[in-house]
Student: 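The following block contains the structure, expressed as structure tokens.
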Amino acid sequence: MCGLAGFIDQGVGGVVARESLVRMLARIDHRGPDDEGLWIEGPVALGHRRLSIVDLSPLGHQPMVSATGRYVVAFNGEIYNHAELRAVLARSGTPFKGHSDTEVLLALIERDGLPAALAHCVGMFAIVAWDRHQRVLHLARDRFGEKPLYYGWCGHAFLFGSELRALAAHPAFDDSLDAVSALGVVQHGYVAPDRSIYRHLRQVAPGTCLSLPAAMPAASLPPPHIYWDPVAVARHGAEQPFAGTFEDAMAELERRLRDAVALQVQADVPVGAFLSGGVDSSLVTALMCQASGTRVRSYSIGFSRASHNEAEHAKAVARHLGTEHTEWYVDEDEAERLVPKLADIYDEPLADASQIPTLVLARLVRRDVKVALSGDGADEVFGGYPKYARGERLWHTPGRLALGLLARLVDRQLSPALRRALPATVGRRVPWHRINTAAALYGARSPAALADLLGTLNREASSFLAPALRAEMDTRACRPATLARYRREAMLRDIQTYLPGDILTKVDRATMSASLESRAPLLDHRLFEFAATLPDTYLFEGGAGKRILRALLYRLVPRALVDRPKSGFMAPLSDWLRGGLKPWAYDVLATPSAARVLDVDRCRGLLDLHCQGHHDLSSRVWPLLTLAAWAHRHLPRGAQPT
């Protein structure tokens, strides 16, 4: 796990380029505190910060040059099947000096070119490869978007890097705000995985690579090449479904998952496990215990509030598996100290309150190990979120469209009159927003539209933004449907958006801020390709998802220890915003920067309603506070967003 940064700038070179590259790398030294490498040739500068995980010797140093000298690579991530690929390449005569996965990757690129090389790789990665012969810069990102890679033209310079803070250190950096991304934060809680919060910068989309000739005119970008498409995988799975029994499917899943875990426990440093006590992390930890030659270290976070606390469940699972278990309880005081730092740690607005315990957990784990396995991805790949079952019920509700029309009429005609007629104290207690929500949900015209609505935190998001931003953006029209079945459509949309934009971004920034590598065996792409072929009855049982994962887990862990309603890795944010975080929340909305991006009066009104205690509006308030806090830290003082 590492960090990378660099640029193509025809206007500078030599000492000036080196100074700029050093500044960029200094901003991401937390991603790689073990080593630093710089490579500059003409207008191309490529830098790397290394967190040594595989091949700790100098032979793993990056940027790395290929055996023929044609390619130079800076690589962030892991190629888990590098030993197998190395053996294949060695049989064909490829020489190797060390045993790093980067050297294997370079040999594959030399043999096949970058897109074809990626088809052989099982892993998570962000790759920058400079072709010295053809003078083309290649950028690539892994299939699910586990590792970040930003890029874009800022004036005459083409910048790229693992985090926005690295690009911001370059003299040409342009900090113009992207209005559509600001809307996305308020609407969904995160920036779309192919955009950034800045207008002129983007992210390489998951499963794609971008090839930029050094001679390409400034501001020009070639279309990305898609080397792996989850939509195509999902359609292929639906057309060629698994034909065996449920027991057959379990056996195949167990084989694939054991292989994924066995690959991901391989490292030249200690490896631990995130253990919440839920289905996903318990299954990964159980298989890890069987694959590892030593006693596994496991870690969990707890809260004093029972409804949010899974630490006791994690402890019970750890006791059964015989792990060396460590837990830590997060209190409100710790949250108060951490929340003001989120805008700097995440570098881009991310409104997921579970980022707080994730950050604490990463720091706890890093005391002992450099790598930790997680259960991330199971809900999206195997249908675990309760919203999938809820959406299925909504979509098949008899008279759904008529109910939607009735709710819309009530919302438009009756609720204003009732608001005026009822006493103020009663009016504050009436959940008017639920009528409006029902109108939208029951009135959805397609599975795609309903899935998007259920993933929306603030449906009238644009009304919370400052007028200057509101005037220059679209409202992000719903993408067309790709699959006919509702739950499969919702899962696929989460894999394309929520998983990389929220979950994986949250985990990457939290773990890398502590110089910790996180790995997710359930995001081995071969598991997704298998899950796409399974009948719905193998994934869903009644209102619960992940049926096949649960059945496999029950063979390894007593059902009584893990069979309970899904609670998620959530902090008690609602209480905190009414308690210790309340002064911070009002203060951040009072900053001048908040008024540049938000309609602060409307936002303060929503915060007031939440703090009165009648309704839990924390999930709607948190994105507004997140955007305001980010603007306070990162927008230039006195400047207006473009």
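Atoms considered below: every heavy atom in the structure, side chains included; atoms not considered: hydrogens, waters and symmetry mates.
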Student: Answer yes or no: is there a side-chain heavy-atom contact under 4.5 Å between Tyr388 and Asp494?
Tutor: yes
Student: For a quick test of reading the model, state the closest non-hydrogen atom pair linking Val271 to Met288 and the distance between them.
Tutor: CG1-CE, 3.5 Å
Student: Would you please test Leu522 and Val381 for side chain to side chain contact (heavy atoms under 4.5 Å, CB included) and show each step?
Tutor: CA-CA 8 Å; Leu522 289 161; Val381 173; over 6 Å; no
Student: How many angstroms lie between CD in Glu334 and OH in Tyr329, if you round to the nearest 0.5 Å?
Tutor: 13.5 Å
Student: Could you point out which residue of Asp259, Leu85, Ile79, Asp524 forms a side chain to side chain contact (heavy atoms under 4.5 Å, CB included) with Val122?
Tutor: Asp524
Student: Quick check: does any side chain N or O of Asp34 sit under 3.5 Å from a backbone N or O of Leu51, one acting as donor and the other as acceptor?
Tutor: no
Student: Does any non-hydrogen side-chain atom of Asn76 lie less than 4.5 Å from one of Val128?
Tutor: no
Student: When rounded to the nearest 0.5 angstrom, what distance separates CZ in Phe382 from CZ in Phe528?
Tutor: 10.0 Å
Student: So, the side chain of Asp178 versus the backbone of Ser181: is there a donor-acceptor pair under 3.5 Å, distance only?
Tutor: yes
Student: Between Asp368 and Tyr299, does any side-chain donor sit less than 3.5 Å from a side-chain acceptor?
Tutor: yes
Student: Between Tyr198 and Phe173, does the ring centroid distance fall short of 6.0 Å?
Tutor: yes
Student: Is the closest side-chain heavy-atom distance between Gln290 and Arg258 below 4.5 Å?
Tutor: yes
Student: Determine whether the side chains of Ser513 and Arg509 contain a donor N or O and an acceptor N or O closer than 3.5 Å.
Tutor: no
Student: Any salt bridge between Asp379 and Lys546, counting N to O under 4.0 Å?
Tutor: yes
Student: Would you confirm whether Glu517, through its side chain, and Ile53, through its main-chain N or O, come within 3.5 Å as a donor-acceptor pair?
Tutor: no
Student: Where the side chain of His525 meets the backbone of Pro230, is there a donor-acceptor pair that is under 3.5 Å apart?
Tutor: no
Student: Kindly give the heavy-atom pair with the smallest separation between Leu38 and Pro63, and that separation in Å.
Tutor: N-CD, 3.9 Å
Student: State, with a plain yes or no, whether a side-chain heavy atom of Glu163 is found less than 4.5 Å away from one of Arg27.
Tutor: no
Student: Keeping Gln187 on the side-chain end and Ala461 on the backbone end, is there a donor-acceptor pair under 3.5 Å?
Tutor: no
Student: Do you see a donor-acceptor pair shorter than 3.5 Å between the side chains of Ser515 and His30?
Tutor: no
Student: Any donor-acceptor pair under 3.5 Å linking the side chain of Gln62 with the backbone of Phe75?
Tutor: yes
Student: Are any of the side-chain heavy atoms of His188 and Thr456 separated by less than 4.5 Å?
Tutor: yes
Student: Is there a donor-acceptor pair closer than 3.5 Å between any side-chain N or O of Arg143 and the backbone N or O of Gly207?
Tutor: no
Student: Starting at CZ of Arg297, measure out to CG of Leu275 and round the result to the nearest 0.5 Å.
Tutor: 14.5 Å
Student: Under a 4.5 Å cut-off applied to non-hydrogen side-chain atoms, are Phe540 and Arg547 in contact?
Tutor: no
Student: If the threshold is 4.0 Å, N to carboxylate O, is there a salt bridge linking Asp268 and Lys370?
Tutor: no
Student: Of all residues at least two apart in sequence or in a different chain, which pass the salt bridge (Lys or Arg N to Asp or Glu O under 4.0 Å) check with Glu529?
Tutor: none
Student: Within a strict 4.5 Å, meaning less than it, do heavy atoms of the His313 and Leu561 side chains meet?
Tutor: no
Student: So does Asp142 pair up with Lys147, basic N to acidic O under 4.0 Å?
Tutor: no
Student: Let me see the working for Asp508 and Arg31 under side chain to side chain contact (heavy atoms under 4.5 Å, CB included), right down to the final yes or no.
Tutor: CA-CA 10 Å; Asp508 175 80; Arg31 298 187 73 93; 3.0 Å; yes
Student: Any ion pair linking Glu254 and Arg555 (charged N to carboxylate O, less than 4.0 Å)?
Tutor: yes
Student: For Leu118 and Phe125, what are the C-alpha separation, side-chain angles and deciding distance, and is it a side chain to side chain contact (heavy atoms under 4.5 Å, CB included)?
Tutor: CA-CA 10 Å; Leu118 297 178; Phe125 45 80; 3.8 Å; yes
Student: With heavy-atom distances below 4.5 Å as the criterion, would you say the side chains of Met64 and His48 are in contact?
Tutor: no
Student: Hey, is the main chain of Ser282 close enough, under 3.5 Å, to the side chain of Thr285 for a donor-acceptor pair?
Tutor: no
Student: Going by atom types alone, do Ser518 and Thr511 pair a side-chain donor with an acceptor below 3.5 Å?
Tutor: no
Student: Holding to salt bridge (Lys or Arg N to Asp or Glu O under 4.0 Å), I want the full list of residues that pass it with Asp376, two or more places apart in sequence or in another chain.
Tutor: none
Student: What distance separates Tyr498 OH from Thr505 OG1, expressed to the nearest 0.5 Å?
Tutor: 11.0 Å
Student: Looking only at atom types and distance, does a side-chain atom of Gln266 sit under 3.5 Å from a main-chain N or O of Ala262, one as donor and one as acceptor?
Tutor: yes
Student: Can you tell me if CZ on Arg390 sees more than 12 non-hydrogen neighbours from other groups inside 6.0 Å?
Tutor: no
Student: Assess whether side chain to side chain contact (heavy atoms under 4.5 Å, CB included) is satisfied between Leu361 and Val330, documenting all intermediate values.
Tutor: CA-CA 9 Å; Leu361 179 61; Val330 182; over 6 Å; no
Student: Asp347: which residues meet the salt bridge (Lys or Arg N to Asp or Glu O under 4.0 Å) condition with it, sequence neighbours left out?
Tutor: Arg165
Student: Within a 6.0 Å radius of atom CH2 on Trp328, are there more than 12 heavy atoms belonging to other residues, nucleotides or ligands?
Tutor: no
Student: Looking at Glu348 and Ile197, would you say the former's side chain and the latter's main chain have a donor-acceptor pair under 3.5 Å?
Tutor: yes
Student: Looking at Val186, Val185, Val597, which one forms a side chain to side chain contact (heavy atoms under 4.5 Å, CB included) with Leu624?
Tutor: Val186
Student: Establish, yes or no, whether a centroid distance under 6.0 Å links the rings of Trp630 and Tyr190.
Tutor: no
Student: Measure the spacing between CH2 of Trp622 and CG of Leu627 and express it to the nearest 0.5 Å.
Tutor: 12.5 Å
Student: Side chains of His61 and Asp35: donor-acceptor distance under 3.5 Å anywhere?
Tutor: yes
Student: Please report the interatomic distance CD(Glu336) to NZ(Lys582), rounded to the nearest 0.5 Å.
Tutor: 13.0 Å
